[in-house]
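The structure appears below as structure tokens.
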2 protein chains.
Amino acid sequence: MQDIFREHIEKVIPLTDEEFAFVFSHFSYQRYKKRQYLIREDDHVEHAYFVVSGLLKLEYTDLSAKRHIVSFAMEDWWETDFMAYFNGTKATMSLQCIEDTDVLCLSLADYHKLCSGLKKMERFFLKKSNSGHIASQQRILSFLTSNAKERYDQLLQQYPSLFQRVPKTLLAAYLGISRETLSRLSY
Amino acid sequence: MQDIFREHIEKVIPLTDEEFAFVFSHFSYQRYKKRQYLIREDDHVEHAYFVVSGLLKLEYTDLSAKRHIVSFAMEDWWETDFMAYFNGTKATMSLQCIEDTDVLCLSLADYHKLCSGLKKMERFFLKKSNSGHIASQQRILSFLTSNAKERYDQLLQQYPSLFQRVPKTLLAAYLGISRETLSRLSY
């Protein structure tokens, strides 16, 4: 697990053994079972999570109790309710396991300590944040420019493995379409 | 103009006069006229822009030549085609003035020089990138959870000044609705 994590960071910045030990000391390891919640709506958001293995969904429940999936997070992804995490506000979204999931947890206090203690970790997080921002912009574009069928095809092309790992109901909640529409698209 | 820019940065990190001079030396100043393009689709994207005054639109044209507005950028905002800027790929979006606009321009080479030369600027850009990422997530949520009327109301509440400054056709292209639907909503 340390190897996976180190490799992930070293894709952006090289680390000595000592530096990696320093980085790693800021994280705690947690194992969650399928269907378990890492964050519930209205929780105080304690951690950002690096997914070592498994699969999570970040979900928003609207006023009519309908659930919408903001994102899936699998191996090598960082996920949390970032607004609540950075602003210290209550969670507006929930984060739940679709599969048994192993994560590395980073509190906001430790995030700041880590960035102060090893400046190049700011470069690492900046790279990650820029990539996240770009991915979000692409998703906004897909809502503006694509119909349900096209969004389905884009997702299939980008993340083929999701179609094996995620129940149809959840794919529909991610694409913003009904379960019935999804069934028509996928045959 | 230097005052506005310095104040903007010092909301995140304090700077000495010397440090600010160093930061500022990485930017060039440009004035653009209403309707002028800062970036055209397929351009090589040279710069990220800090808007000193004025108003820009970041726009995507789909295969059927329909235009979709990804974002508006006004005073105090950073804007560019971030994917093309960071990855060195060609622009997939255009950036154009809705009003006469003054910007400070930062090339990617100068962005890296600036971050290496003054490490705390990485903290500044990290903060900005995180905020941008959060704003994009909120917009994704609004597409998933809200109908045209609700998205219109959210925009009106968040950026009332846009409704004075932006023609209705462009507001419709941002909300992902037709000009006719927008007219029904706004009366």
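Every chain is numbered from 1 and lettered A, B, ... according to where its sequence line falls, protein lines coming before strand lines.
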Is it the case that more than 12 heavy atoms not belonging to [X] sit under 6.0 Å from its [atom1] atom?
X: K120(B); atom1: NZ; value: yes
X: K34(A); atom1: NZ; value: no
X: K90(A); atom1: NZ; value: no
X: R31(B); atom1: CZ; value: no

Hydrophobic clusters here meaning ILVMFWY residues chained together by side-chain heavy-atom distances under 4.5 Å, can you tell me if [X] and [Y] are in one?
X: L156(B); Y: M74(B); value: yes
X: L141(B); Y: L155(A); value: no
X: L55(A); Y: I39(A); value: no
X: I4(B); Y: F124(B); value: yes

Which distance, rounded to the nearest 0.5 Å, do you find between the [atom1] of [X] and the [atom2] of [Y]?
X: L126(B); Y: K127(A); atom1: CG; atom2: NZ; value: 14.0 Å
X: I134(B); Y: S129(A); atom1: CD1; atom2: OG; value: 8.0 Å
X: E122(B); Y: C115(A); atom1: CD; atom2: SG; value: 9.5 Å
X: S142(B); Y: F143(A); atom1: OG; atom2: CZ; value: 9.0 Å

(message) Could you check whether any side-chain heavy atom of Y60(B) comes within less than 4.5 Å of a side-chain heavy atom of T145(A), counting everything from C-beta outward?
(response)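 They are in side-chain contact.
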(request) Count the heavy-atom pairs under 4.5 Å between each of N130(B), L175(B), D62(B), V70(B) and chain A, then report the option with the highest count. (result)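 When all of N130(B), L175(B), D62(B), V70(B) are compared, N130(B) has the most.
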(request) Count the heavy-atom pairs under 4.5 Å between each of K66(B), R139(B), K119(B), M93(B) and chain A, then report the option with the highest count. (result)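 Going by pairs under 4.5 Å, I would pick R139(B).
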(request) Would you mind telling me which of R123(A), M83(A), H133(A), Q138(A) has the largest number of heavy-atom pairs within less than 4.5 Å of chain B? (result)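 Counting heavy-atom pairs under 4.5 Å, the top option is H133(A).
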Per-residue contact mode, [X] against chain A (heavy atom under 4.5 angstrom):
X: F86(B); result: side chain
X: I69(B); result: backbone
X: L144(B); result: both

(request) Measure distances from A135(A) to the heavy atoms of chain B and classify the residue's part below 4.5 Å as side chain, backbone, both or neither. (result)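 For A135(A), there is no contact with chain B at all, as no heavy atom is under 4.5 Å.
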